[in-house]
Amino acid sequence: MAAHVGERGAVTAGIETQDATLAAKLESQIHVVADLDRRLNQVDLAIEETAKRGRTTTALAAIGGQRKTRAALVDERNREAGILAALKAERASLAAPHRNGSRAHPLRG
């Protein structure tokens, strides 16, 4: 019986370590996606401002450049959001087997 309890404790400790690692990765990834959202907003504002005050030809050229920048940021944000979703799914799957009440302490985060 003591060996069984020791094994369960080791498994629980391992799961808690994995959870803490995933929580740190999630936190970091959330900041990456938020930064990309902020940068996209800046590009959108720059496009809007250029359209308001620029001469037609100059404004169209500047907007074209900003749209290329925005498209690259959107692609990067989509990749990073995919990573974030995968991390969330991994963390949820880590916690799922232990939601049946077999754990004394639920995963936090």
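Two residues are said to be in side-chain contact when any heavy atoms from C-beta on lie closer than 4.5 Å; Ile47 and Val43 meet this criterion. Contact annotation: the side chain of Thr50 never approaches that of Gln66 to less than 4.5 Å [non-hydrogen atoms, C-beta and beyond]. Side-chain contact between Arg38 and Gln42 is present, with heavy atoms from C-beta onward closer than 4.5 Å.
Across all their heavy atoms, Leu22 and Arg91 have their closest contact at CD1-CA, 3.7 Å. In terms of heavy atoms, Leu94 sits closest to Ile15 at CD2-O, 3.8 Å.
Atom CD in Glu90 sits 14.0 Å away from atom NZ in Lys88 (nearest 0.5 Å). Here the CD atom belonging to Glu76 is positioned 8.5 Å from the CG atom belonging to Asp35, to the nearest 0.5 angstrom. A distance of 13.5 Å separates NZ in Lys68 from CD1 in Ile63, rounded to the nearest 0.5 Å. We find the CG-CG distance between Asn78 and Leu36 to be 9.5 Å, quoted to the nearest 0.5 Å. Taking CG of Leu40 as the reference point, atom CG of Leu73 lies at 5.0 Å (rounded to 0.5 Å). Taken from CZ in Arg70 to CZ in Arg77, the straight-line distance is 10.5 Å, to the nearest 0.5 Å.
Between the side chain of Ser28 and the main chain of Lys25, no donor-acceptor pair closer than 3.5 Å is present.
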side-chain contact (heavy atoms from CB on, under 4.5 Å) evaluation trace for Val32 with Gln29: CA-CA 5 Å; Val32 168; Gln29 198 63 28; 4.2 Å; yes
